[in-house]
Amino acid sequence: RAKSAGSGQFARYDPQMHSGLVERLQLAADLRRALETGGELEMHYQPTIELRTGQIVGFEALVRWRHPVRGMISPADFIPLAESTGLIRPLGQWVLAESCRQAVAWGMGAPERAMTMAVNVSGRQFDQPGLPGIVAAVLAETGLPAQRLCLEMTESVLMTDTEENLAVLLSLKDIGVRLAIDDFGTGYSSLAYLRRFPVDTLKIDRSFVERLSGATPDAALARTIVQLGQSLGMATVAEGIEQYAQFLALRRMGCDLAQGYYFSRPLPAAEAGLLLQDHKPAVAA
Ligand code: C2E
Ligand code: MG
Ligand code: MG
Ligand code: MG
């Protein structure tokens, strides 16, 4: 590794930096190819559980990339790459179509299996002018009723350019889809906007669930978010429940729904489908 040169000078050669850039360019080219050919990308599905009853009430769709050389690449690594290269739009459209198609294949369009398929929408997808049109087209093509689809956007995306975002949220709401704020509590929400946003669900970030267990459990923040959701008329979902103690604490607080390894990891479609087979269908909402 090249030592950094004296002040005002650039290091002559930094092999780490070089390989980082080359690697990113290579990975972007690989992702473009993967999107064209299909096959390397797949969706996994993590069930959402109603805390009061233990029923599965839906799934969150989480994209996976099985790279032929590098193996599984985490979305935490390739979603930012897709965003910076513009590939997030075709990727996001594929994710949306595939998740809606899967939801219909599982019978989620039928009133006797009234479940929700939640799909993540990243910042640059949310900014694209045609998003509501794309969502409406995918629903029409797949035949999934709009109220069975929930779009998740992170708090930090929603709380920048709030006026513009409000307009996008309203046109998505016009289509009839549900809307969720993901990773809630990690950004800086304006309570005034939170009230104006036509959002159905707050997803409590995993960091607050983590605080519910361990040597010095701290429930204050999770409880505050659950109460905030309740007073705004929004459903609350706890992310990342791994332990029985966390499950109990959140149920006691009146949190509505939960996801986490305690119930199930995200699963390939075939395995998630098995969960549904021996599951009593929920009553239509
Ligand atoms: P997210 O939407 O907040 O998704 C939750 C993440 O937490 C997922 O990671 C999930 O596998 C993980 N998780 C679930 N339960 C537990 C648990 O009990 N413990 C722990 N430690 N983790 C748990 P994943 O699948 O790696 O996704 C990471 C992030 O990448 C997502 O965070 C989301 O922001 C983004 N992402 C994933 N799939 C998509 C996609 O299809 N489109 C877009 N735009 N973003 C996606
Ligand atoms: Mg999410
Ligand atoms: Mg989240
Ligand atoms: Mg997250």
Side-chain angles (χ1 to χ4, degrees), residues 31 34-35 40-49 51 58-66 71-103 116-128 131 134-135 138 149-158 178-187 199-214 222 225 235-247 250 257-269 271-272:
L31 184 57
L35 278 165
E40 289 173 27
L41 294 168
E42 61 186 66
M43 298 310 297
H44 284 199
Y45 299 92
Q46 185 177 39
T48 305
I49 308 295
L51 281 170
F59 289 90
E60 177 174 6
L62 296 156
V63 70
R64 298 291 180 259
W65 182 12
R66 231 180 260 284
M72 273 294 206
I73 302 179
S74 161
D77 294 325
F78 72 87
I79 294 289
L81 178 79
E83 288 228 294
S84 65
T85 53
L87 290 170
I88 192 65
R89 292 180 182 184
L91 175 64
Q93 207 162 332
W94 180 83
V95 162
L96 189 63
E98 179 62 19
S99 309
C100 290
R101 191 199 58 71
Q102 185 62 68
T116 305
M117 179 63 81
V119 175
N120 292 285
V121 173
S122 70
R124 283 203 51 196
Q125 277 177 280
F126 189 71
D127 285 345
Q128 85 189 98
L131 182 65
I134 289 170
V135 171
V138 168
L149 176 66
C150 179
L151 299 178
E152 298 190 356
M153 285 131 316
T154 64
E155 182 184 22
S156 48
V157 164
L158 283 182
R178 301 185 192 209
L179 301 173
I181 305 187
D182 207 345
D183 301 348
F184 188 80
T186 57
V199 167
D200 306 275
T201 304
L202 285 187
K203 295 192 76 171
I204 306 169
D205 190 72
R206 177 154 56 87
S207 56
F208 303 108
V209 174
E210 270 169 11
R211 293 172 197 239
L212 296 175
S213 53
I225 298 175
T236 46
V237 184
E239 302 192 87
I241 293 200
E242 296 182 353
Q243 299 169 17
Y244 181 63
Q246 296 166 336
F247 160 77
L250 284 152
L257 309 174
Q259 293 174 267
Y261 298 166
Y262 177 70
F263 309 105
S264 168
R265 291 189 173 251
L267 300 169
E271 287 174 47

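Read the numbers this way: they start at 1 and go in the same order the structure lists the ligands and their atoms. For this chain, numbers begin at 1 and follow the sequence in order.
Here atom 5 (C) of ligand 1 lies nearest to Glu239 when heavy atoms of Lys203, Gln125, Glu239, Arg124 are compared. Considering each of Ser99, Gly240, Pro75, the one bringing a non-hydrogen atom nearest atom 36 (N) of ligand 1 is Pro75. Between Trp94, Tyr261, Trp65, it is Tyr261 that holds the heavy atom closest to atom 17 (C) of ligand 1. The closest heavy-atom contact to atom 14 (C) of ligand 1, among the options Glu60, Gln259, Gln46, comes from Gln46.
Restricting Asp183 to its N/O/S atoms, the shortest distance to the Mg ion (ligand 3) is reached by OD1. When the Mg ion (ligand 2) is compared with the N/O/S atoms of Glu152, atom OE1 turns out nearest.
For ligand 1, the atoms lying closer than 4.0 Å to a non-hydrogen atom of Ser122 are 44 (N). Atoms of ligand 1 found under 4.0 Å from any heavy atom of Arg206 (numbered from 1 in listed order, with element): 19 (N), 20 (C), 21 (N), 22 (N). The ligand atoms of ligand 1 that sit less than 4.0 angstrom from a heavy atom of Gly260 are 15 (N), 18 (O). Close contacts of ligand 1 with Glu242, meaning ligand atoms under 4.0 Å from a residue heavy atom, involve 17 (C), 18 (O), 19 (N), 20 (C), 21 (N). Atoms of ligand 1 found under 4.0 Å from any heavy atom of Asp183 (numbered from 1 in listed order, with element): 3 (O).
Counting heavy atoms from C-beta outward, Phe184 and Thr236 have side chains that stay 4.5 Å or more apart. Phe263 has its side chain within reach of Phe247: a pair of non-hydrogen atoms, C-beta onward, lies under 4.5 Å apart. Contact check for Leu151 versus Val135: side-chain heavy atoms found under the 4.5 Å cut-off.
A pairwise comparison of heavy atoms in Cys100 and Val138 identifies SG-CG1, 3.9 Å as the closest pair. Among all heavy-atom pairs drawn from Ala272 and Tyr45, the shortest one is CB-CB, 4.1 Å.
At a heavy-atom cutoff of 4.0 Å, ligand 1 is contacted by the side chain of Ile79 but not by its backbone. The proximity of Val95 to ligand 1, defined as any non-hydrogen pair under 4.0 Å, is limited to the side chain.
With the Mg ion (ligand 2) as vertex, Asn120 OD1 and Glu60 OE2 subtend 90°, rounded to 10°. Geometry at the Mg ion (ligand 3): OE2/Glu239 and OD1/Asp182 form an angle of 90°, nearest 10 degrees.
Not a single donor-acceptor pair under 3.5 Å links the side chain of Arg64 to the backbone N or O of Met43. Judged by distance alone, with hydrogens and angles left aside, the side-chain atoms of Glu60 form no donor-acceptor pair with the main-chain N or O of Val119 at under 3.5 Å.
Of the N and O atoms on the side chains of Gln46 and His44, not one donor lies less than 3.5 Å from an acceptor on the other residue.
Of the polar atoms of Asp182, at least one N or O is found under 3.5 Å from an N or O of ligand 1, judged by distance alone. Residue Val63 has at least one nitrogen or oxygen atom sitting less than 3.5 Å from a nitrogen or oxygen atom of ligand 1, judged on distance alone.
Ligand 1 has at least one atom lying under 4.0 Å from a heavy atom of Pro266. In this structure, Arg265 has no heavy atom closer than 4.0 Å to ligand 1.
Distance check: Leu91 CG to Arg89 CZ gives 12.5 Å after rounding to the nearest 0.5 Å. Distance check: Glu239 CD to Glu152 CD gives 7.0 Å after rounding to the nearest 0.5 Å.
Using the six-membered ring where Trp is involved, Tyr262 and Tyr244 have ring planes that are tilted, between 30° and 60° apart.
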- Task: Under the side chain to side chain contact (heavy atoms under 4.5 Å, CB included) rule, what do Cys150 and Leu179 come out as? Steps first, then yes or no, please.
- Result: CA-CA 5 Å; Cys150 179; Leu179 301 173; 5.8 Å; no
